[in-house]
*Asks:* 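For reference, the structure I am asking about is given below.
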Amino acid sequence: MQQPAAPQRPVPAFLPINALMLQAVKKVEVVIQELGRRGFAVVGIDMSTPSRPTVQIQTSARCAQLIESGQAAYYGFGLGQIGHFREGQFCLDGCRVVWTENAN
C-alpha cells in the first residue's frame with residue numbers, strides 16, 4: 001500500500017531573490033533614463049549580478065570624453081573577428097555601464 005504524499009509546503013509569495021531583482025530593475029530603470037538624458041543609446045542589460053547590474057551602451061564620442069576626463073576607464077582589450085577591440089566602463093547610480101569599441 002502506498003503512503004500518501006506529504007503535503008507540499010507553499011512557496012513564499014515573495015522570495016528574497018525576487019526582492020533583489022526588483023531593486024536591480026529599479027536601478028536599471030533610473031540609469032537608462034539618465035543615460036538617455038546624457039545622449040547614450042542603451043543596447044543591452046545584464047542582470048546576472050543583481051547587486052550591480054551591467055548596462056551596455058553604444059560606443060560614441062562621449063565615451064572617449066569620459067576616458068579622457070578620468071570618469072571612465074578601459075578594463076579589457078582583445079582581438080576578435082573584427083580586429084582589435086577595447087572595453088570601457090564607468091559606474092552610474094550603482095550600475096556598471098560598459099561599451100566595446102574597435103581599437104584599430
Side-chain angles (χ1 to χ4, degrees):
M1 173 179 247
Q2 283 185 324
Q3 291 185 338
Q8 291 184 344
R9 292 179 21 191
V11 176
F14 203 68
L15 297 170
I17 189 64
N18 290 0
L20 287 174
M21 294 304 286
L22 281 172
Q23 288 172 354
V25 166
K26 290 174 185 177
K27 269 190 209 179
V28 168
E29 179 183 14
V30 169
V31 167
I32 289 173
Q33 290 173 352
E34 179 60 26
L35 288 169
R37 280 192 283 276
R38 295 183 186 188
F40 291 105
V42 174
V43 296
I45 299 167
D46 180 358
M47 301 279 292
S48 60
T49 306
S51 61
R52 190 167 186 196
T54 298
V55 178
Q56 185 178 7
I57 59 174
Q58 189 174 49
T59 303
S60 70
R62 179 78 176 116
C63 295
Q65 292 171 349
L66 291 171
I67 293 287
E68 289 172 11
S69 70
Q71 296 173 17
Y74 289 116
Y75 71 95
F77 302 85
L79 178 62
Q81 292 178 335
I82 58 171
H84 292 278
F85 65 90
R86 57 189 173 190
E87 299 168 305
Q89 70 177 353
F90 63 94
C91 186
L92 181 61
D93 295 333
C95 290
R96 182 172 172 247
V97 180
V98 300
W99 70 90
T100 302
E101 59 187 58
N102 292 334
N104 294 328

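This one's a predicted model, so the numbers in the text were calculated from it and none came from an experiment.
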*Asks:* Working to the nearest 0.5 Å, report the span between OG of Ser60 and CD of Gln65.
*Replies:*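 If we round to the nearest 0.5 Å, Ser60:OG and Gln65:CD are 8.0 Å apart.
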
*Asks:* What is the distance from atom CD1 of Ile45 to atom CD of Glu29, rounded to the nearest 0.5 Å?
*Replies:*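 One gets 10.5 Å once the value is rounded to the nearest 0.5 Å.
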
*Asks:* How many angstroms lie between OG in Ser69 and CZ in Arg62, if you round to the nearest 0.5 Å?
*Replies:*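 Taking OG in Ser69 and CZ in Arg62, the distance rounds to 6.5 Å.
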
*Asks:* Testing the basics here: between Pro50 and Ala24, what is the closest heavy-atom pair and its distance to 0.1 Å?
*Replies:* O-CB, 3.3 Å

*Asks:* Distance check, rounded to the nearest 0.5 Å: Arg96 atom CZ versus Thr54 atom OG1?
*Replies:*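 Interatomic distance, Arg96 CZ to Thr54 OG1, rounded to 0.5 Å: 4.5 Å.
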
*Asks:* Taking only Lys NZ, Arg NE, NH1 and NH2, and the carboxylate oxygens of Asp or Glu, determine whether Arg37 and Glu34 approach each other closer than 4.0 Å.
*Replies:*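 So Arg37 pairs with Glu34 through a salt bridge.
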
*Asks:* State the CZ-OG1 distance between Arg86 and Thr100, to the nearest 0.5 angstrom.
*Replies:* 11.5 Å

*Asks:* As a test of understanding, state which of Val30, Val31, Ile32 forms a side-chain contact (heavy atoms from CB on, under 4.5 Å) with Val28.
*Replies:* Ile32

*Asks:* For Gln58, I'd like to know if atom CD has over 12 heavy atoms of other residues, nucleotides or ligands within 6.0 Å.
*Replies:* no

*Asks:* Please verify the inter-ring angle class for Tyr74 with Trp99; under 30° counts as parallel, over 60° as perpendicular, anything in between as tilted.
*Replies:* perpendicular

*Asks:* With a 4.5 Å cut-off on side-chain heavy atoms, are Val25 and Met47 touching?
*Replies:*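 Sidechains of Val25 and Met47: in contact.
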
*Asks:* So do the side chains of Leu92 and Val55 get within less than 4.5 Å of each other, counting heavy atoms only?
*Replies:* no

*Asks:* Taking the side chain as everything from C-beta on, heavy atoms only, tell me whether Ile57 gets closer than 4.5 Å to Phe90.
*Replies:*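 Contact flag for Ile57/Phe90 side chains = yes.
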
*Asks:* Taking the side chain as everything from C-beta on, heavy atoms only, tell me whether Leu20 gets closer than 4.5 Å to Ser51.
*Replies:*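 In short, these two side chains do not touch, never coming nearer than 4.5 Å.
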
*Asks:* Rounded to the nearest 0.5 Å, what's the gap from CG on Leu35 to CZ on Arg38? Could you check?
*Replies:* 7.0 Å

*Asks:* Looking at every non-hydrogen atom in both residues, tell me the closest pair between Val98 and Gln89 and how far apart they are.
*Replies:* CG1-CB, 3.9 Å

